[in-house]
Amino acid sequence: MTAPKIIALAGSLRKDSFNQKLINEAARFALESGAEVEVIKLSDLDLPLFDEDIEAQGTPAGAQLLKDKLRAADGILLASPEYNGSITAPLKNAIDWASRTEQGAVPAFRNKVTALYASSPGGLGGLRGLNHVRDILSGIGSLVLADQLAVPAIHTKLDEQGRISDADTAEQVASLAQQLVSVASKLNK
């Protein structure tokens, strides 16, 4: 059996993003579970705001790269910060670009198993935004796992290197990553 290919990304552009640190840890656990994992940073894609007039001139390179990587993947680890109870603008923009399907191409999110994470210094850990992310991804063909993880008070659970220092949190992050790898492996047969 071939190792499943997993894309890991966080819906934040912030250099010191808690959600980027969280998704890096989820990616590490998925790698330890036997998956091939690539972490993508939205800030590296240089995506303009989605606009059909821009699209008519040609898909921006970062958007095409994201689409190609998603199409080649079996699963997605996704950490979404919560802004005002919803999804971040950079993540929604990336999803909008990646969901655009060229004539004859496979939709980038179709049948991609997705595990959802969120983190926040607050008490809910970004939980409220995950329902919006779930609705969006389910609507464009992603197979979103029923289990999800919101990590409250994340700033107290990371060490100086950005690794999870709290054993219970590490176990929860690892468990969801392992679940994604397991489901993606079964669907990848």
Side-chain angles (χ1 to χ4, degrees), residues 1-13 17 19-20 22-24 26-27 30-31 35-83 85-118 126 129-148 176-177 179-189:
M1 177 177 9
T2 314
K5 293 178 182 171
I6 307 298
I7 294 298
L9 64 112
S12 178
L13 300 176
S17 165
N19 281 279
Q20 187 64 55
L22 176 62
I23 212 62
N24 290 345
L31 188 63
E36 290 180 35
V37 183
E38 181 177 0
V39 177
I40 297 174
K41 291 185 176 184
L42 291 183
S43 59
D44 292 341
L45 297 176
D46 193 28
L47 297 173
L49 288 176
F50 178 76
D51 180 336
E52 288 184 5
D53 291 336
I54 294 172
E55 183 185 38
Q57 297 169 23
T59 302
Q64 191 61 55
L65 178 67
L66 180 59
K67 283 196 256 193
D68 293 344
K69 289 187 179 292
L70 288 169
R71 286 182 178 131
D74 300 303
I76 304 165
L77 294 165
L78 178 67
S80 178
E82 176 189 311
Y83 286 15
S86 190
I87 186 172
T88 65
L91 180 56
K92 179 65 166 72
N93 188 53
I95 291 169
D96 289 345
W97 274 113
S99 69
R100 302 296 287 188
T101 306
E102 309 87 332
Q103 184 70 28
V106 175
F109 288 97
R110 181 169 292 155
N111 297 325
K112 303 302 177 196
V113 181
T114 304
L116 298 180
Y117 294 86
L130 288 181
N131 287 330
H132 295 193
V133 179
R134 177 179 297 281
D135 288 346
I136 293 165
L137 293 179
S138 295
I140 56 176
S142 183
L143 307 170
V144 183
L145 295 176
D147 292 337
Q148 62 186 22
L176 186 55
Q179 183 181 354
L180 175 81
V181 171
S182 176
V183 172
S185 295
K186 290 173 184 166
L187 293 175
N188 189 26
K189 288 184 179 180

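Considering only residues two or more places apart in sequence or on other chains, D135 meets the side chain to side chain contact (heavy atoms under 4.5 Å, CB included) condition with none of them. For T114, the side-chain hydrogen bond (donor to acceptor under 3.5 Å, both in side chains) criterion is met by S142, not counting sequence neighbours. L176 pairs by the side chain to side chain contact (heavy atoms under 4.5 Å, CB included) definition with A115, Y117, L145, D147, L149, Q179, not counting sequence neighbours. The side chain to side chain contact (heavy atoms under 4.5 Å, CB included) check on S138 picks up R134, V144, with sequence neighbours excluded. Taking Q20 as the reference, A10, S17, I23, N24, V39, K41 meet the side chain to side chain contact (heavy atoms under 4.5 Å, CB included) condition, with sequence neighbours excluded. E52 pairs by the side-chain hydrogen bond (donor to acceptor under 3.5 Å, both in side chains) definition with nothing, not counting sequence neighbours.
Of all non-hydrogen atoms in V37 and A8, the two that sit nearest each other are CG1-CB, 4.3 Å. Summarising the geometry of L42 relative to A94, their closest heavy-atom pair is CD2-CB, 3.7 Å, with the distance given to 0.1 Å. Nearest approach of I54 to P48, heavy atoms of both residues: CD1-CB, 4.1 Å. Looking at every heavy atom in both residues, A177 comes nearest to A30 through CB-N, 4.0 Å. Minimum heavy-atom separation, G62 to L47: C-CD2, 3.6 Å. The two residues A98 and A108 come nearest to each other via the heavy atoms O-CB, 3.4 Å.
Between I95 and I140 the shortest side-chain heavy-atom distance falls below 4.5 Å. Side-chain contact check for L137 versus I76: every heavy-atom pair is 4.5 Å or farther apart. Taking 4.5 Å as the limit, every side-chain heavy atom of S80 sits out of range of all side-chain heavy atoms of L116.
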Quiz item: Where do I6 and L31 land on the side chain to side chain contact (heavy atoms under 4.5 Å, CB included) test, with the steps shown first?
Solution: CA-CA 9 Å; I6 307 298; L31 188 63; over 6 Å; no
Exercise. Report the C-alpha distance between D74 and L187 in whole Å, list the side-chain angles of each, state the deciding distance to 0.1 Å, and finish with yes or no for side chain to side chain contact (heavy atoms under 4.5 Å, CB included).
Key: CA-CA 8 Å; D74 300 303; L187 293 175; over 6 Å; no
Exercise. Might you work through the side chain to side chain contact (heavy atoms under 4.5 Å, CB included) test for L65 and I40, ending with a clear yes or no?
Key: CA-CA 10 Å; L65 178 67; I40 297 174; over 6 Å; no
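L45 CG to K69 NZ: the interatomic distance, rounded to the nearest 0.5 Å, is 9.5 Å. Separation of atoms CD (Q57) and CG (D51) is listed at 8.5 Å; rounding is to 0.5 Å. Within the model, atoms CG of N111 and CG of N188 stand 12.0 Å from one another, a figure rounded to the nearest 0.5 Å. With rounding to the nearest 0.5 Å, the separation of CG in D44 from CG in L9 is 11.5 Å.
Remark: N131 CG is packed, more than 12 non-hydrogen atoms of other residues, nucleotides or ligands lying under 6.0 Å away.
Screening residues 54-82 for ring-ring contact (aromatic ring centres under 6.0 Å, His included), with sequence neighbours left out, gives no hits. The side chain to side chain donor-acceptor pair (under 3.5 Å) analysis of residues 88-110, with sequence neighbours excluded, yields the pairs E55-R100, Q64-E102, K67-E102, R71-E102, K92-D96.
Counting only distance, with no hydrogens or angles, the side chain of K5 and the backbone of A72 share no donor-acceptor pair below 3.5 Å.
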